[in-house]
Amino acid sequence: MPTAAGGAPAARPPRSAAATARAWAELLRIPAVFTVPGDVLAGTAAAGARAGRSTALAIGASVCLYEAGMALNDWADRDEDAVQRPQRPLPSGRIRPRAALAAAGTLSVAGLALAACAGRRTFAVAAPLAATVWAYDLKLKHTPAGPVAMAAARSLDLLLGAAATDGPLRPALAPAALLGSHTCAVTLVSRREAEGGSTTAPLVALVATAAVATTVSGGAGVLRGAKVLRGADVSREGAVRSALALGYGVTFARPLAHAVLNPSPVLTQRAVGAGIRATIALQGALAAWAGAPGTGLLATALAPVAARLARRVSTT
């Protein structure tokens, strides 16, 4: 360790504000935040409602709970990351573990508060969502129940959007199940992304992706509230739904196929990244499946923003 005059340890030079902001952006996976609003928007569409103030509050709650999970994830994995990923913010010393834990707690409280402002139904979904996030990061992640818990969190996040409306929750169950299936598939693959070597996980994920894409693109869709779509509305909804479902399938299936043929860590990690990006296309397809193609396109518009920010965070 460098020493100052007299043999005392030299003081660590102060870190710049830009470096600190970058460290927190890495910890919170800021680019991945853009995969969150689509959950709520798809749930809103499934309930047959238009986005409003309660939807905005639900999106805020969803983002806060998602970011709480990111901070808590790295806090829980700090010892493992010190060996396998020493460049991450906590093991590298750029962020202190207690600061990450405090951020997780603060964001969780903020998320629940925003959900409460959106209404009792929204809070009733946000509470088990927050519990699932904490249970996954602290206990379930490295158990066989881990992928199921992660899938449950995404499904609840979609239901959060439906709960923030005056519409029924039941039509949102099918989209929530499909989004949960995709999330489970991504999580299964991610469990071996550091060491690779597994062809089973990407193969299972490939089959699940094909099933989800086929269901969304070829199905009759769910009713938007009590309205039945006909004529030009059906054609428009079907075209948008099919295009987004195809985009979802292509985005995730190709890197999965590569990981099946060569399950190296690099290709496995690429498949996981593709699965995260494909979430946005799936959210848009699910909104169109619910009879809201405009909402679907709005949700999908977040994808290029997320990609651009991801490049900026990784290269700055």
Side-chain angles (χ1 to χ4, degrees), residues 29 32 35-36 38-40 42-43 46 62 65-66 69-70 72-73 76-77 125 128-162 172-217 219 244-245 247-260 263 267-286 289:
R29 316 308 199 266
T35 69
V36 178
D39 291 345
V40 175
S62 177
L65 293 177
Y66 182 86
M70 293 297 99
L72 187 62
N73 173 80
D77 286 352
V125 176
L129 172 56
T132 302
V133 168
W134 281 74
Y136 173 81
D137 282 331
L138 297 182
K139 188 71 176 178
L140 302 177
K141 184 191 308 182
H142 301 297
T143 72
V148 176
M150 182 63 80
R154 273 288 182 179
S155 296
L156 285 168
D157 206 32
L158 188 147
L159 293 175
L160 191 71
L173 294 178
L178 290 170
L179 182 60
S181 297
H182 166 71
T183 304
C184 186
V186 176
T187 308
L188 281 172
V189 178
S190 72
R191 289 164 78 92
R192 296 296 298 271
E193 66 177 331
E195 66 272 16
S198 171
T199 59
T200 301
L203 182 59
V204 170
L206 187 60
V207 173
T209 301
V212 170
T214 300
T215 300
V216 178
S217 64
L244 294 178
Y248 157 71
V250 171
T251 300
F252 197 20
R254 185 175 180 180
L256 280 174
H258 291 164
V260 170
L267 292 181
T268 302
Q269 289 165 14
R270 287 180 183 173
V272 173
I276 295 172
R277 293 192 301 273
T279 301
I280 298 179
L282 178 57
Q283 292 162 342
L286 290 173
W289 195 49

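Quick caveat: nothing in here was measured; it's all calculated off a predicted structure.
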Less than 4.5 Å apart, side chain to side chain, heavy atoms only: is that true for D157 and L129? yes
Measuring from [X]:[atom1] to [Y]:[atom2], what's the distance to the nearest 0.5 Å?
X	Y	atom1	atom2	value
L282	R277	CG	CZ	15.0 Å
L178	L158	CG	CG	9.5 Å
R191	T187	CZ	OG1	8.5 Å
T183	I276	OG1	CD1	10.0 Å

On a heavy-atom basis, which atom in [X] and which in [Y] lie closest, and how many Å separate them?
X	Y	answer
P147	L188	CG-CD2, 3.7 Å
W289	V216	CD1-O, 3.5 Å
P263	V260	CD-O, 4.1 Å
L256	A271	CD2-CB, 4.0 Å
A245	A285	N-CB, 3.8 Å
V272	S190	CG2-CA, 3.6 Å

Take D39 and L179, measure what side-chain contact (heavy atoms from CB on, under 4.5 Å) needs, and give me the verdict at the end. CA-CA 8 Å; D39 291 345; L179 182 60; 3.2 Å; yes
Check whether more than 12 heavy atoms from other residues, nucleotides or ligands sit under 6.0 Å from atom CZ of R270, and answer yes or no. no
Listed once per pair and sorted, the ring-ring contact (aromatic ring centres under 6.0 Å, His included) pairs that draw on residues 180-212, sequence neighbours left out: H182-Y248, H182-F252
Check side chain to side chain donor-acceptor pair (under 3.5 Å) between T35 and all other residues, then give those that pass, not counting sequence neighbours. R154
The ring-ring contact (aromatic ring centres under 6.0 Å, His included) partners of Y136 (sequence neighbours excluded) come to none
Do T268 side-chain atoms and E193 backbone N/O form a donor-acceptor pair below 3.5 Å? no
T143 side chain to L140 main-chain N or O, any donor-acceptor pair under 3.5 Å? yes
Would K141 and N73 satisfy side-chain contact (heavy atoms from CB on, under 4.5 Å), going step by step from the backbone distance to the final call? CA-CA 9 Å; K141 184 191 308 182; N73 173 80; 2.4 Å; yes
Kindly indicate, with the supporting measurements, whether the criterion side-chain contact (heavy atoms from CB on, under 4.5 Å) is fulfilled by D137 and D77. CA-CA 9 Å; D137 282 331; D77 286 352; over 6 Å; no
Derivation of the side-chain contact (heavy atoms from CB on, under 4.5 Å) call for L286 and L244: CA-CA 9 Å; L286 290 173; L244 294 178; over 6 Å; no
